[in-house]
Undergrad: 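Please see the structure below; I have some questions.
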Amino acid sequence: MTNAEAAEILGRIADLLAISGANSFRIRSYRQAAESLESWGEEIEEVYAKQGLQGLRNIPDIGKSLAEKLEELLTTGQISLYQELLAQFPDGILELLQVPGLGPRTVALIWSELEIGDIDELEQAARRQELRELPGLGPKSEEKILASIARYRQGMQRALLGEILPLGEQLVSYLRDHPRVIAAELAGSARRRRATVGDLDLLATSEHPEEVCRDFAASGLLEEVTMAGDTKVSGLLAGGRSVDLRVVAPESYGAALQYFTGSQAHGVALRTRAQKMNLTINEYGVFKQRNGETGEKVAGATEEEVYAAVGLAWIPPELREDRGELEAAADGTLPDLIELADIRGDLHMHTTSSDGKCSLEEIAEACRQRGYNYIGITDHSPALRVAGGLTEEEIIAQIHWLAWRRTY
DNA sequence: GCCGTTTTCGGCCCGACTGTTTTCAGTCG
C-alpha cells in the first residue's frame, strides 16, 4: 500500500461523503489528508512499522480518526467506512463527478430522484429531457450536461509543459498587444513550471477589464467560449484544451497573480497564515481584518508586496506547492533555483554524422558560446546503421577534431 | 475530522459566474 494508493482511497471517501451530504469540513479533512499523504516523504507502511499509530498522527492533517483508518487500511487492506459508502451507491457514481460542472449536490440529486448512477444513464435522461424536471435544474443545465459528457468522453489529458508553453505564450502576447492591457502573464501550473499542465490560466491587468474580456472572447483564439463575464472568460482551444482568463485592476495585479498562480494548497496555507496575523488575502489584495470586518488594504500591486505583508520573502512560482516553502520564506532559507546559466555541459548530443541536426563544428561553437565546461558527443555506433551510425574511424576523427579545438 | 502565540471548543480561504431563482445554491479554481 503506497501513500499514493492510500491518498486515492481517502479522496474517494471524500467524494462519497460529499455525495451523501456529510459535513463539508469533515469532507475537507479527508481531502487535506489525501494531499498531505501524497506529498509526505516517507511511505506510511514504514512509518507505521517503525512508530505505529503515533507515527501516522505526526503526518500533517492526520488526526486520531484518520490515523486509525490508515491503520485499518495497512493491517486489513481496506477501510470499513469506504466499504459502507461504496455499498450505498452504484459503481459509476464517482465517475459522474468527473463530468465538468457536475458536483456532489447534483450527483446526489439525480441519484436520489432518478436513480441515475452512471454516465450513460445520465446522458439518456438528459436526452429524454427528464433532468429539467428536477429542482434547481432546467433546460440549460441539461444542455450543459450533454456538452460536458461529450467533452469528458473526448478526454483531455494533461500535456507536457513544453507543448503547453508555446500555446500559452501565444495567448499572452495577444493580451499584451491589446491597447487596453497594461500587463499580462501566464499563471497556474504553467507559471509554476509543473512538468505537466492541464488548463491554461491567464492573467491580465487593465483599467477596462470588460473590454479586454469581450475582445478576448471574440478574438477567435478560443474555438468555444464557455463562460464570459466582465472580469473572467473561459473557453476551449482548438483540440479541447481549456483556457481561463482573469482581468483585474493594476492595484490588484500582484494579489491576483499570486492567487491564480496557485497551487491551491500554497494559497490555502498562505491565507491561513494571513488570518493568524489578522489579515485576509483575496485576489484583490491583502486587507486588515477585525472582528470579521475587512478593513484597510495593505498590499496588492505586486507579488513581493503580498508576500511581504505576511512576513515572507517572495517565493518563486516553482516552489509554491505547500511543501515547506512558507517556512523557508519566513526563515530566509529559500533555496536558489537552478538557472540556465548553471548548466555547465551536455552529455547527450548527436551530430549530422548520424541523426543530429547540427554539425560537430556548429555544436561545439554553440556550446562554447553558452559557456559550457564540457560536452559529450554521443552519435550512434555502427550497430545502428539506420540512424547513420559512425564507424570506428569516423569516431576517432571526431575525437581528434575536438581535441584540436580545445586550444581554440 | 483537524487543529491551537486568540482557543481543547469552535472555528475552518475566498470570490466569479451560471442557471434557476424572486435572493441564492452549486460549481469551479
Side-chain angles (χ1 to χ4, degrees), chain A residues 10 13-14 17-19 21-36 56-70 81 96-110 131-145 148 187-189 198-203 209-210 213 217 225-235 242-248 252 255-256 258-287 289-292 294 310 322:
Chain A
L10 294 187
I13 291 176
L17 284 171
I19 294 170
N23 176 298
S24 62
F25 296 112
R26 186 179 173 212
I27 296 163
R28 210 179 62 177
S29 293
Y30 278 86
R31 291 202 203 289
Q32 284 179 330
E35 276 185 30
S36 186
L56 297 175
R57 289 203 59 176
N58 289 338
I59 301 171
D61 300 318
I62 308 286
K64 181 170 185 290
S65 170
L66 276 161
E68 285 169 4
K69 296 211 167 45
L70 289 177
L81 170 66
L96 284 176
L97 288 177
Q98 302 301 312
V99 177
L102 268 196
R105 311 301 282 248
T106 311
V107 168
L109 179 73
I110 60 175
L131 300 182
R132 63 181 64 187
E133 305 302 326
L134 298 176
L137 297 180
K140 289 252 190 168
S141 308
E142 243 166 22
E143 216 173 279
K144 277 183 77 171
I145 285 171
S148 290
S189 54
D199 300 342
L200 268 171
D201 295 299
L202 305 166
L203 181 71
E210 67 293 338
C213 285
V225 176
T226 52
M227 182 192 285
D230 286 344
T231 64
K232 181 176 177 177
V233 176
S234 297
S242 75
V243 174
D244 290 304
L245 167 69
R246 283 292 296 266
V247 186
V248 299
S252 297
Q258 194 292 314
Y259 195 92
F260 295 113
T261 296
S263 66
Q264 178 94 358
H266 175 86
V268 169
L270 192 73
R271 289 189 287 279
T272 304
R273 178 184 173 90
Q275 271 211 323
K276 290 176 184 161
M277 301 170 72
N278 290 321
L279 295 168
T280 180
I281 303 181
N282 58 32
E283 60 259 60
Y284 301 109
V286 184
F287 301 85
Q289 193 166 42
R290 205 182 177 90
N291 305 326
T294 298
V310 290
D322 190 27

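Below, read A as the first sequence line, B as the second, and so on, with proteins coming before strands; counting in each chain starts at 1. FYI, side chains are in, hydrogens and waters are out, and symmetry mates aren't considered; it's all heavy atoms of this structure. Only a predicted model underlies this, so the values are computations on that prediction, with no experimental measurement involved.
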Undergrad: Counting the atoms with a prime plus P, OP1 and OP2 as sugar-phosphate, which does A:Leu137 contact under 4.0 Å by heavy atoms, base, sugar-phosphate, or nothing?
TA: sugar-phosphate

Undergrad: Are the ring of A:Phe25 and the six-membered base ring of B:dC12 within the stacking cut-offs of under 5.5 Å and under 30°?
TA: yes

Undergrad: Determine the contact category for A:Thr231: base if any of its heavy atoms lies under 4.0 Å from a base atom, sugar-phosphate if only primed atoms, P, OP1 or OP2 are that close, otherwise nothing.
TA: sugar-phosphate

Undergrad: Under 4.0 Å: is that the gap between some side-chain N or O of A:Ser141 and OP1 or OP2 of B:dG19?
TA: no

Undergrad: Let's see if you can work this out: which of B:dG1, B:dT20, B:dA16 has an atom nearest to the side-chain heavy atoms of A:Tyr284?
TA: B:dA16

Undergrad: Send over the distance from A:Ile59 CD1 to B:dC2 P, rounded to a whole Å.
TA: 12 Å

Undergrad: Can you tell me which nucleotide in B:dT18, B:dG1, B:dC14 comes closest to the side chain of A:Lys144?
TA: B:dT18

Undergrad: Partners of A:Glu68 by salt bridge (Lys or Arg N to Asp or Glu O under 4.0 Å), sequence neighbours excluded?
TA: A:Lys64

Undergrad: May I ask you to say what A:Ala228 touches in the nucleic acid, namely base, sugar-phosphate or nothing, with a heavy-atom cut-off under 4.0 Å?
TA: sugar-phosphate

Undergrad: Applying the Watson-Crick and G-U wobble criteria at under 3.5 Å, what pairs with B:dC3? Answer none if nothing qualifies.
TA: B:dG10

Undergrad: How about A:Asn282 and A:Phe287: do any of their side-chain heavy atoms sit closer than 4.5 Å?
TA: yes

Undergrad: What is the separation between atom CZ on A:Arg28 and atom P on B:dC13, rounded to the nearest whole Å?
TA: 4 Å

Undergrad: Strictly under 3.5 Å: I want the nitrogen or oxygen pairs between protein and nucleotides 26-29 of chain B, one per line.
TA:
residue: B:dG26; atom: O3'; partner: A:Thr106; partner atom: OG1; Å: 3.2
residue: B:dT27; atom: OP1; partner: A:Gly103; partner atom: N; Å: 2.7
residue: B:dT27; atom: OP1; partner: A:Gly103; partner atom: O; Å: 3.0
residue: B:dT27; atom: OP1; partner: A:Thr106; partner atom: N; Å: 2.9
residue: B:dT27; atom: OP1; partner: A:Thr106; partner atom: OG1; Å: 2.4
residue: B:dT27; atom: OP2; partner: A:Arg105; partner atom: N; Å: 3.2
residue: B:dT27; atom: O5'; partner: A:Gly103; partner atom: N; Å: 3.4
residue: B:dC28; atom: OP1; partner: A:Gly101; partner atom: N; Å: 2.5
residue: B:dG29; atom: N2; partner: A:Tyr259; partner atom: OH; Å: 3.0

Undergrad: Please state how far atom NZ in A:Lys140 lies from atom P in B:dA25, giving the value in whole angstrom units.
TA: 22 Å

Undergrad: Is there a side-chain contact between A:Thr280 and the phosphate of B:dC14, meaning an N or O under 4.0 Å from OP1 or OP2?
TA: yes

Undergrad: Looking at every non-hydrogen atom in both residues, tell me the closest pair between A:Ala22 and A:Ile27 and how far apart they are.
TA: O-CD1, 3.5 Å

Undergrad: Could you tell me whether A:Pro209 contacts a base, only the sugar-phosphate backbone, or nothing, with contacts defined as non-hydrogen atoms closer than 4.0 Å?
TA: nothing

Undergrad: Of the options B:dG19, B:dG1, B:dA16, whose atoms approach the side-chain atoms of A:Arg26 most closely?
TA: B:dG1

Undergrad: Could I get a table of every N or O pair under 3.5 Å where one atom is in the protein and the other is in nucleotides 5-8 of chain B?
TA:
none

Undergrad: In this structure, how many angstroms lie between the C1' atom of B:dC3 and the CZ atom of A:Arg273, rounded?
TA: 17 Å

Undergrad: Do A:Lys69 and A:Ser65 pair up side chain to side chain, a donor and an acceptor below 3.5 Å, judged on atom types alone?
TA: yes

Undergrad: 5'-most contact on DNA chain B: A:Lys69 or A:Leu279, nearest heavy atom basis?
TA: A:Lys69

Undergrad: Roughly, in whole Å, what's the span from CG in A:Leu70 to C1' in B:dC2?
TA: 14 Å

Undergrad: For B:dC12, does either OP1 or OP2 sit under 4.0 Å from a side-chain N or O belonging to A:Ser24?
TA: no

Undergrad: Is it the case that atom CZ in A:Arg271 sees more than 12 heavy atoms from other parts of the structure closer than 6.0 Å?
TA: yes

Undergrad: Between A:Arg57 and A:Leu134, which has a closest nucleotide on DNA chain B that is more 5'?
TA: A:Arg57

